Trainee: 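Let me begin by handing over the structure; questions about it come next.
Per chain, numbering begins at 1; letters A, B, ... match sequence-line order. Note that this is a predicted model, so its numbers are computed, not measured.
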Amino acid sequence: MEEKYVKEITAKSEDFSQWYVDVIIKGELADYSPVRGCMVIRPYGYAIWENMQKLLDRRFKETGHKNAYFPLFIPESLLRKEAEHIEGFAPEVAWVTHGGQEELAERLAIRPTSETIICSMYSKWIKSWRDLPVLINQWCSVVRWEKSTKPFLRTAEFLWQEGHTAHRTEEEAEEETLLMLEVYRDFVETELALPVIKGRKSENEKFAGALRTYTIEAMMSDGKALQAGTSHNLGQHFSKVFDIQFLDQDGKLKYVWQTSWGVSTRLIGAVIMTHGDDRGLKLPPRIAPIQVIIVPIFGQQKEAVLEKSRELYQLLKNHFRVELDDRDEHTPGWKFNEWEMKGVPVRLEIGPRDMAQNQVLLVRRDTGEKISVKEADLINYLSTLLDDIQANMFKEAKKFMDDNTTTTTSFEELKDVVANKKGFVKAMWCGDGECEKRVKEETGATLRCIPFDQEEISDKCVVCGRKAQKMVYFAKSY
RNA sequence: CGAGGCAUGGCGCAGUUUGGUAGCGCACAUGGUUUGGGACCAUGGGGUCGGGGGUUCGAGUCCCCCUGCCUCGACCA
């Protein structure tokens, strides 16, 4: 960076964590609240979430899902039914013990996730093969009493969606699990411009109570991995415990096969950490609350410029998410920094010089490039430009991920890369959880996923040297 | 939850060592001049020093407890 534009934000290179917090607070995405570990999502940050919701919800509907809402409270007995599940969540469940002054006969958990309460209803609703599949999604917040928190990435309460489906056969459930993983991949890559690795979680890393967990893993610009979304094939673990049975066509009583899948407001954190720079946030046009910010440069012709900028606003508002910053109390330069900090993809400057030539000046947030465009071409140009920015942001992020992915064939090399180079490490693995644990203990990196796109790097496990089963990704993660 | 650090107008900080009744920059308000990369002048408002307790004639400053935030680790979307 040739010049330091934004004074409020700590340089990324200086202190990545502080930079991240600065971008969120100064960019007015969120703020700390009086409640430990809980943040307030401010209007600008919430608008990003709303855009994400819209784009995701459309995809859910297109794949046949319907939204519903289940209770926030889960009776303790219900939560305890599936042993593996409660064991996984026990340390982070918040409990309600009193109603008013009276102590409850049975404690109520505040949902850390809704498998149990939803399953209890499914057992009531599902009787016949004709009732299947059940394809339900819920938008809600969940609570996990986290020990250490960080805005968007890990908070005690967070917003998410959780899909819960029930199927007639194992194959159908597996198909659904993979379909939703693909929906997530498509969503984050297309709309959030976040490249991801699609794959399966190891036994150690899978969801408590799942048969198999699939994941999309993204790389943040400090080289750490972030689990961006998960899709679980729950098998029949829950249906057996919650007695979700149906009478199949062959006259036999069978347990349903289930899935669950979710993404959360953590994705906002992923967008910040993947695309942001020293000037602040950089938002992909598809989810940016403001795609084009109009900044009038008054010069000596304040009234005329103001009138023209209002005209431009009217012209553009039916095509783009656009706002006019006609505040008088700030200079143009101040506004430039402000909107760059907030990640607005395109700035439109209009001043006396542009007016004289019937044009406007567009400035790209992603590259800083300045382009003069004739007013007559503006709408077409902008729509192409926004697509271009979206594509370029994905390309940049993809390049960063590729550049920071290293292939290793020895444990020494793996340790060295994790310690000194950061990023993802590709290596062969024998499939033994003990080798996985050794990597974690000796390097701090975890097995992020077993990618669908396999490569044969070598035939030996990077840890123990035994015959390798799979190529996997290791990385330090959030 | 373990180790370390921090907490003073909205934000960033000084004042704490050697207790004496709170200051600077930015931001904010009003008026004026300005406006193509965080403008300038003038005037003005705002804090009781994270919370509680203690020592003292007197505490932002010393002692104890609590809380929150940040970093690292353990655990997790």
Side-chain angles (χ1 to χ4, degrees), chain A residues 2-10 15-22 25-26 28 31-39 88-93 112-113 141-162 184 201 204-208 213 215-218 226-232 260-270 279-280 295-302 305-306 325-341 347-355 360-361 363 368 370 372 440-441 444 446 476-478:
Chain A
E2 64 288 353
E3 209 175 325
K4 198 173 175 200
Y5 283 90
V6 183
K7 307 177 192 84
E8 291 96 332
I9 298 177
T10 304
D15 184 342
F16 191 83
S17 288
Q18 191 56 49
W19 167 85
Y20 176 74
V21 172
D22 285 350
I25 303 297
K26 307 286 165 54
E28 297 180 334
D31 202 356
Y32 291 102
S33 76
V35 191
R36 188 212 68 102
C38 293
M39 63 171 180
F89 282 103
E92 44 189 5
V93 171
T113 177
S141 74
V142 290
V143 168
R144 296 182 190 176
W145 214 253
E146 297 290 349
K147 301 193 166 105
S148 77
T149 59
K150 197 165 199 170
F152 292 116
L153 294 187
R154 178 164 301 104
T155 47
E157 180 190 10
F158 59 93
L159 304 182
W160 78 344
Q161 59 68 217
E162 46 180 327
Y184 286 155
K201 282 287 186 190
N204 286 330
E205 298 280 335
K206 76 174 188 187
F207 175 72
T213 290
T215 180
I216 47 173
E217 296 285 323
L226 185 80
Q227 182 173 303
T230 48
S231 184
H232 317 287
S260 71
W261 26 273
V263 297
S264 71
T265 38
R266 165 180 274 194
L267 287 175
I268 297 174
R279 295 190 194 186
V295 179
I297 316 290
F298 298 137
Q300 299 299 311
Q301 309 174 34
K302 186 169 172 184
V305 172
L306 203 52
D325 187 353
D326 58 2
R327 289 175 296 178
D328 204 24
E329 65 268 30
H330 293 300
T331 60
W334 194 94
K335 293 176 183 175
F336 297 167
N337 286 302
E338 168 90 349
W339 294 112
E340 277 170 6
M341 187 165 77
R347 176 171 79 240
L348 188 160
E349 296 177 29
I350 174 78
R353 295 211 292 268
D354 308 293
M355 282 174 68
V360 301
L361 183 69
V363 185
K370 298 184 177 180
S372 282
K440 187 175 180 180
E441 279 160 19
T446 49
K476 285 196 176 170
S477 73
Y478 277 100

Trainee: Strictly below 4.0 Å: does A:Lys335 bring a side-chain N or O up to OP1 or OP2 of B:A39?
Mentor: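 Looking at the OP1 and OP2 atoms of B:A39, neither is under 4.0 Å from any side-chain N or O of A:Lys335.
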Trainee: Output all residues satisfying side-chain hydrogen bond (donor to acceptor under 3.5 Å, both in side chains) with A:Asp326, sequence neighbours left out; order by chain, then residue number.
Mentor: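 Listed in chain order: nothing, the list is empty.
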Trainee: Would you give a per-nucleotide map of nucleotides 2-10 of chain B, 5' to 3', where B means the base has a protein non-hydrogen atom under 4.0 Å away, S means only the sugar-phosphate does, and - means neither?
Mentor: ---------
Trainee: Which residues pass the side chain to side chain contact (heavy atoms under 4.5 Å, CB included) test with A:Tyr32, not counting sequence neighbours?
Mentor: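 In terms of side chain to side chain contact (heavy atoms under 4.5 Å, CB included), with neighbours along the sequence ignored, A:Tyr32 is linked to A:Val21, A:Ile25, A:Pro151.
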Trainee: Taking a pair as Watson-Crick or G-U wobble with both distances under 3.5 Å, which nucleotide is matched to B:A39?
Mentor: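 Pairing partner, where one exists within any strand: B:U33.
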Trainee: Does A:Arg36 count as lying over the ring of A:Trp145, i.e. NZ or CZ under 6.0 Å from the six-ring centre, within 45 degrees of the axis?
Mentor: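 Yes, A:Arg36 and A:Trp145 form such a contact.
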Trainee: Return the set of residues passing side-chain hydrogen bond (donor to acceptor under 3.5 Å, both in side chains) with A:Thr213 (not counting sequence neighbours), or none when no residue passes.
Mentor: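 side-chain hydrogen bond (donor to acceptor under 3.5 Å, both in side chains) list for A:Thr213, sorted by chain: A:His232.
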Trainee: Go ahead and name the base partner of B:A14; Watson-Crick or wobble counts if both distances stay under 3.5 Å, otherwise write none.
Mentor: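 By the stated definition (distances under 3.5 Å), nothing pairs with B:A14.
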Trainee: With both distances kept under 3.5 Å, what pairs with B:A59, Watson-Crick or G-U wobble?
Mentor: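 Across any shown strand, B:A59 pairs with none.
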Trainee: How would you summarise protein contacts on nucleotides 24-31 of chain B per nucleotide, using B for base, S for sugar-phosphate only and - for none, with heavy-atom distances below 4.0 Å?
Mentor: --------
Trainee: For nucleotides 70-72 of chain B, tabulate all protein N/O to nucleotide N/O atom pairs closer than 3.5 Å, reporting atom names and distance.
Mentor:
residue : atom : partner  : partner atom : Å
B:C70   : OP1  : A:Tyr32  : OH           : 2.5
B:U71   : OP1  : A:Ser17  : OG           : 2.8
B:U71   : OP1  : A:Lys150 : NZ           : 3.1

Trainee: Excluding sequence neighbours, so at least two apart, what forms side-chain hydrogen bond (donor to acceptor under 3.5 Å, both in side chains) with A:Ser231?
Mentor: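 side-chain hydrogen bond (donor to acceptor under 3.5 Å, both in side chains) list for A:Ser231, sorted by chain: empty.
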Trainee: A:Glu162: which residues meet the salt bridge (charged side-chain N to carboxylate O under 4.0 Å, His left out) condition with it, sequence neighbours left out?
Mentor: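 By the salt bridge (charged side-chain N to carboxylate O under 4.0 Å, His left out) rule, A:Glu162 matches no residue at all.
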Trainee: Out of B:G37, B:A77, B:A39, which nucleotide sits closest to the side chain of A:Thr331?
Mentor: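 Of the options given, the side chain of A:Thr331 lies nearest B:A39.
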Trainee: Return the nucleotide paired to B:U48: Watson-Crick means purine N1 to pyrimidine N3 with N6-O4 or O6-N4, wobble means G-U with N1-O2 and O6-N3, both under 3.5 Å.
Mentor: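 Because no pair has both required distances under 3.5 Å, B:U48 counts as unpaired.
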Trainee: Is any N or O donor-acceptor pair between the side chain of A:Arg347 and the base of B:G37 shorter than 3.5 Å?
Mentor: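 For A:Arg347, whose side chain was compared with the base of B:G37, there is a donor-acceptor pair (under 3.5 Å).
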Trainee: Provide the Watson-Crick or G-U wobble partner of B:C1, both distances under 3.5 Å; none if there is no partner.
Mentor: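 The answer is B:G73, by the H-bond criterion.
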Trainee: In the strands shown, is B:A22 matched to any nucleotide by a Watson-Crick or G-U wobble pair with both distances under 3.5 Å, and which?
Mentor: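 Its partner: none found.
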Trainee: What residues, two or more places apart in sequence or in another chain, satisfy side chain to side chain contact (heavy atoms under 4.5 Å, CB included) together with A:Ser372?
Mentor: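 Listed in chain order: A:Gln359, A:Leu361.
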Trainee: Considering residues at least two apart in sequence or located in another chain, which fulfil the side-chain hydrogen bond (donor to acceptor under 3.5 Å, both in side chains) criterion with A:Gln18?
Mentor: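 A:Gln18 satisfies side-chain hydrogen bond (donor to acceptor under 3.5 Å, both in side chains) with A:Asp22 once adjacent residues are dropped.
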Trainee: How would you list, by chain and number, every residue that makes a side chain to side chain contact (heavy atoms under 4.5 Å, CB included) with A:Glu157, sequence neighbours excluded?
Mentor: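 For A:Glu157 the side chain to side chain contact (heavy atoms under 4.5 Å, CB included) partners, ignoring immediate neighbours, are A:Cys38, A:Ser141, A:Val143.
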Trainee: Taking pairing as Watson-Crick or G-U wobble with both contacts under 3.5 Å, can you name the mate of B:G68, or confirm there isn't one?
Mentor: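 Check on B:G68: paired to B:C6, both distances under 3.5 Å.
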Trainee: By the 4.0 Å heavy-atom rule, please label A:Pro352 as base, sugar-phosphate, or nothing.
Mentor: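 Base, at least one base heavy atom under 4.0 Å.
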Trainee: Holding to side chain to side chain contact (heavy atoms under 4.5 Å, CB included), I want the full list of residues that pass it with A:Thr149, two or more places apart in sequence or in another chain.
Mentor: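 Only A:Glu146 meet the side chain to side chain contact (heavy atoms under 4.5 Å, CB included) criterion with A:Thr149.
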